Amino acid sequence: MKEKLPLLCALYWRQAFSFLAILLIILSIISCNKFKDDFDFSKVATAEWNPEFAIPLINSTLTISDFFEDSSNLFIQVNPDNSLSFVYGMDEIFSQKAEDIINVPEQNFSFQSQVDIPLLLPGVFDTLTLDYSFPFITDTTGQRLDSIFLKNGDMRLNFKTNLNRDEASVEIIIPDIVHAQTGEFLQMNIILNNPGGQSEWVEHEENIPISDYKILLNQEGTALNEINFLAEVVMHGDDNPDLSPYEFILSGDIRDIEFEKIFGYLGHYELNLNDSLEFSIFEKTLTGGIELGTGTIDVWVDIKNSYGAPVTVAADEFYAYSKVNPPYLVDINLFGQGVPNIFSINAPNIQQVGQTIETNLDFSNSNLAQAFNLAPEMLYFDFMALTNPEGDTLASNFILDTSRISLGMDVEMKLFTSITDFIVEDTIDFDLNTSANEVGSLLIRLNTVNRFPLNVDVQIYFADDGYNIIDSLITNTDERILVGAPVSGPPEYKVTEGAAKMTDFEISRQKLDRIVNAEYMMLKAGLSTTDNSLIKIYNDYSLEIKVGTIVGVNIESE
Amino acid sequence: MKKQTIINSKISKVLLGICILLIGFSAVDVKAQADRSLYFLPILPNARTVNPAISPQYNIYVGVPFLSSVQTGSENTFTYEDIFKQEGDSLYLDRDYLLDNMKENNFGNINLTEEVFAFGIKAKKNYFHFRIADMFNANLNLRKEIVKFFLYGNGSEEYLGKTVDLGGNSINLTYYREYSFGYSRQINNKWNVGANLKYLQGIANFYTESLDFKIFTDPDDFAISAQSDIRIHSAAPNSDDEDLGAEHFIGNTGNPGFAFDVGGQFKLNEKWDFAASVLNVGGITWKKNVQSWVTSDPDKVITYEGFDIGDFFEDGGLDKDQIEDVFDSISDEFGIEETEIAYKTKIPVNLDLNANYNLGIKNRFSGLVSTQFVADHVWPSLSLAYTRKFSDNLNLMFSYTALPHSYLNLGVGFAANLGPLQFYLALQNIYAAFALSQSDMFHVRFGFNLVFDGERKNKMKEGEIPIEQ
């Protein structure tokens with residue numbers, strides 16, 4: 001037995017070891033299956049909970065320049081007291097140039113003389129002077145042209161005679177057409193030799209450019225608007241028979257006349273100046289007007305004139321226009337109710353030939369302030385400038401070919417006004433193009449410190465690609481988004497402290513699902529001044545805006 | 001009777017062989033024992049990896065390539081079922097359940113060792129060893145506060161208006177290959193000493209040198225104030241413009257490192273012997289495909305209050321791409337800079353203290369205090385084991401291991417030689433086989449070696465009793 005005991009123990013251990021090895025195998029198999037079951041992640045679902053993440057989105061301080069910026073027609077002016085004005089200006093507009101409205105017509109002339117000429121013996125000569133004149137045709141009736149400096153023009157001259165002299169000539173002198181630099185008359189010598197009287201007529205034609213000449217009319221001792229010709233015919237005696245009377249025919253024309261300068265009395269010419277001045281501050285207006293304070297609107301008209309003639313300007317049309325606020329159109333009276341909108345402008349004098357003289361006009365008696373209560377989106381004018389309005393034919397005018405009138409207009413609108421229920425609207429593109437499945441809830445918090453004296457009620461609409469409204473952001477429309485800062489009384493009407501406001505917008509999951517599919521965001525804001533009172537906008541006003549959000553992430557059972 | 005015993009012995013061996021083969025082929029799903037188990041299976045030559053002073057009993061051993069030592073394990077302060085709640089057939093990720101089961105500080109570790117090749121040669125009192133092995137180690141230190149913060153969100157009542165300290169967390173992942181040259185020497189009948197010198201080939205790394213972050217969300221305007229001291233480093237096997245391929249794992253020599261192990265064994269008498277070792281003293285310098293994220297000024301409190309309203313609009317419209325660009329730039333607000341600079345990491349150091357009491361030549365009782373030093377955390381464990389040495393060819397062991405937050409880990413394992421073929425399998429927490437999802441620790445190790453006793457077998461010179469584990 002004693003010998004068997006160690007063997008039995010050994011056997012026991014070996015069997016135990018075998019059993020253990022088999023057990024380990026079974027454990028391995030079991031653990032494989034258990035591992036697959038325990039770690040089957042396809043069975044994992046999440047219980048519903050919504051972690052909330054807060055994040056600040058926007059932190060901005062906005063000043064007036066963030067809402068309006070200088071542009072080609074707007075300048076934001078800081079006044080000496082630090083208040084602000086919007087100065088709207090338009091690009092200078094120009095009338096037609098003088099050369100485009102004043103025309104020097106083509107001139108035609110034809111003179112004929114019949115003269116008996118005594119027989120001349122050979123070796124003897126004689127001179128025959130023929131004196132002609134013709135009226136210079138002007139552009140308009142009543143013009144008195146003293147001189148016309150030409151920059152272009154041609155004279156065609158034809159001389160014809162039946163004089164039968166072997167040797168003859170004619171000197172044609174036009175004392176009213178002189179060279180602009182040398183002062184020499186326009187003249188030409190034409191040979192009229194007709195040896196043996198063989199030709200019945202002797203004729204000569206010549207084209208003379210006269211672009212460097214000036215035409216002098218109405219010189220002392222001459223008739224109104226006439227051009228004179230002198231023809232001195234020099235004849236030498238010969239044995240040809242006397243066939244008197246002889247005919248002398250002088251004809252021609254002055255054509256393609258372009259002037260460089262004209263002096264004289266020009267009469268009436270009308271020059272049109274029309275344009276419009278747009279006001280961006282009112283371009284988004286949906287409805288509502290404003291009430292401007294005293295002395296808020298100034299209009300400056302700056303007219304430059306290089307016509308050397310008296311000119312008046314009449315406003316055929318001058319009005320403020322709004323497409324949303326009745327009465328939609330208000331006529332502007334520059335000088336008061338019932339007073340015609342007509343005013344004179346300065347003109348250069350004779351010593352200022354070629355210069356442009358400025359006229360600055362400030363219409364402080366106009367009704368522009370009342371017109372601006374319309375919150376007009378533009379000012380329209382149609383001015384007519386008239387030369388020589390009095391019709392004084394004795395007046396001495398001058399024009400250059402480049403003479404014209406230009407007009408510039410600036411409107412200064414001091415930001416001194418009261419506003420009640422002024423509604424503006426704007427549409428901006430909105431492209432999130434995403435789903436909001438992961439968002440369970442959304443809170444948007446708006447913190448503002450408003451240093452503008454303006455109350456703002458806002459609504460934001462979300463629209464589809466057809467501009468159909470699908471939802472709005474703000475459900476509690478009674479709550480004011482921005483409260484206007486309190487304002488001191490006159491004369492400063494200045495904000496005394498900022499107005500702080502915190503507003504929460506809760507957006508449900510259903511609303512968010514609609515919003516993310518929107519294509520446009522339409523903002524509608526109703527503005528009114530603090531207590532609907534008069535306020536001024538100063539340069540140091542600002543709006544601090546902070547937007548933050550708490551997003552509830554949607555983690556839910558599947 | 002003697003004849004019957006011999007027959008039974010043969011049958012038992014055959015059964016044992018079949019079991020070994022079956023287990024070997026289902027090795028993927030088999031649970032085995034951790035490094036601690038190598039102390040308790042004295043016939044394993046692989047024990048040198050836990051104490052370089054160990055001189056195996058074989059003149060020669062060769063690890064079967066890729067199968068000589070396959071180990072994986074995980075030690076955590078939480079279990080799978082601490083995270084997911086079972087209700088019927090479904091598992092739920094429930095916030096309150098998860099937070100109730102979390103401790104203030106939660107640690108996790110996953111490690112994998114795949115020994116590519118190993119061999120050892122004994123020459124009289126000297127032992128030479130060579131080994132190539134791929135090592136992966138991941139450590140996580142997660143504070144409950146940060147988990148709670150992300151589950152509730154900074155916009156919840158829990159955290160809105162409060163300063164939250166989200167620091168004290170770390171994630172460290174290292175994948176490297178070690179080339180180990182080992183030597184041990186029997187000084188005398190009582191002392192063995194040894195050392196391993198290792199060249200480390202770093203392959204991939206993610207290292208949080210510092211991950212301190214304090215955050216405050218203003219309750220009025222939701223402005224976020226943060227103070228951070230973040231130093232995170234990473235090294236990838238491949239660069240952004242390369243597809244990941246085998247060459248990035250095999251030929252990657254851009255991240256060199258060195259480490260060493262030292263150990264000693266002391267045999268007091270026939271009954272008592274002691275051992276101590278310090279493992280993995282060293283580190284890796286990461287230079288290739290590195291990226292770092294560093295807070296530029298850790299003392300600075302940075303407040304993000306939102307962007308300018310104009311940043312959200314482009315061409316007069318509110319655009320999703322524009323919004324995304326805005327949010328992408330938020331990280332720039334917190335002063336975290338991205339750089340590409342080399343950095344160094346240390347390998348977790350192990351300190352093992354082992355004592356064995358031999359009751360005869362077949363029974364041994366062992367105690368092991370094994371402590372791993374990970375960054376600034378200390379991970380100690382205590383193991384007690386009984387090993388039955390049937391012969392020089394067969395060991396069976398049972399163990400008990402206590403860890404911080406895990407006190408009941410019963411393990412079992414065996415090592416057997418069938419001729420020159422040696423197979424072993426050890427599992428440190430047997431309960432994990434039945435309920436892995438409820439276990440916070442599991443370790444499995446198995447392997448195949450070819451062992452050759454040479455002249456050592458049946459020779460035991462007086463006074464020359466080798467000191468074995």
Side-chain angles (χ1 to χ4, degrees), chain A residues 4 7-8 10-11 13-18 20-22 24-25 27-32 34-35 38-41 43-47 49-60 62 66 428-434 443 445 447 502 521 545-553 555 557, chain B residues 1-2 5 8-9 12 15-16 19-20 22-23 26 29-31 80 84 89-95 150-156 160 217 220-224 304-310 312-313 315-320 323 388 390 394 396 412 414 425 427 430 432-437:
Chain A
K4 287 181 182 176
L7 289 172
L8 283 171
L11 179 61
W13 275 110
R14 290 194 180 101
Q15 287 176 342
F17 182 80
S18 301
L20 184 64
I22 293 169
L24 284 171
I25 294 170
L27 284 176
S28 305
I29 296 168
I30 292 172
S31 67
C32 286
K34 202 71 172 73
F35 184 92
D38 287 348
F39 294 95
D40 184 358
F41 289 100
K43 291 198 287 185
V44 174
T46 53
W49 89 83
N50 299 92
E52 295 173 299
F53 294 99
I55 186 164
L57 295 175
I58 293 171
N59 180 19
S60 289
L62 306 174
D66 291 302
I428 61 175
D429 294 334
F430 183 76
D431 176 23
L432 289 186
N433 193 26
T434 185
L443 172 84
R445 174 166 292 172
N447 278 291
M502 179 191 293
M521 199 159 68
I545 179 168
K546 292 185 179 181
V547 179
T549 183
I550 295 181
V551 179
V553 178
I555 298 175
S557 306
Chain B
M1 184 58 90
K2 196 173 179 179
T5 304
N8 288 341
S9 172
S12 297
L15 284 174
L16 177 62
C19 290
I20 289 169
L22 285 174
I23 291 169
S26 64
D29 293 317
V30 174
K31 312 297 184 289
Y80 178 80
F84 296 101
D89 199 34
S90 295
L91 296 170
Y92 284 92
L93 184 62
D94 183 275
R95 177 180 66 188
F150 283 105
L151 291 178
Y152 275 91
N154 71 321
S156 64
L160 198 60
T217 307
D220 291 329
D221 60 11
F222 311 142
I224 297 175
Y304 162 64
E305 294 180 287
F307 292 96
D308 187 86
I309 192 169
F312 289 87
F313 292 86
D315 297 329
L318 188 65
D319 185 80
K320 175 196 170 196
I323 293 172
R388 172 72 177 180
F390 291 97
L394 185 60
L396 175 67
V412 66
F414 70 90
L425 172 66
L427 184 151
I430 196 170
F434 296 98
L436 184 62
S437 62

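From a predicted model like this one, the values you see are computed outputs, not experimental measurements. Lettering of chains follows the sequences in order, A, B, ..., and the numbering in each one begins at 1.
In this structure, the portion of T217(B) lying under 4.5 Å from any heavy atom of chain A is its side chain and not its backbone.
Rounded to the nearest 0.5 angstrom, F150(B) CZ and F53(A) CZ are separated by 7.0 Å. Atom CE of M502(A) sits about 7.5 Å away from atom CG of D221(B), to the nearest 0.5 Å. Summarising the geometry, atom OG belonging to S156(B) is positioned 11.5 Å from atom CG belonging to N50(A); distances are rounded to the nearest 0.5 Å.
Using a 4.5 Å heavy-atom threshold, the side chains of Y304(B) and P56(A) count as touching. Using a 4.5 Å heavy-atom threshold, the side chains of F222(B) and I55(A) count as separate.
Scored by the side chain to side chain donor-acceptor pair (under 3.5 Å) test, S60(A) finds D308(B) as partners (sequence neighbours excluded). Legend: residues meeting side chain to side chain contact (heavy atoms under 4.5 Å, CB included) with N59(A), ordered by chain and number and at least two apart, are K546(A), E305(B).
Nearest approach of P51(A) to G153(B), heavy atoms of both residues: CB-N, 4.3 Å.
Here T549(A) is the residue among T549(A), D66(A), L62(A), V553(A) with the most heavy-atom pairs under 4.5 Å with chain B.
With R445(A) contributing its side chain and D220(B) its backbone, the two residues share a donor-acceptor pair below 3.5 Å.
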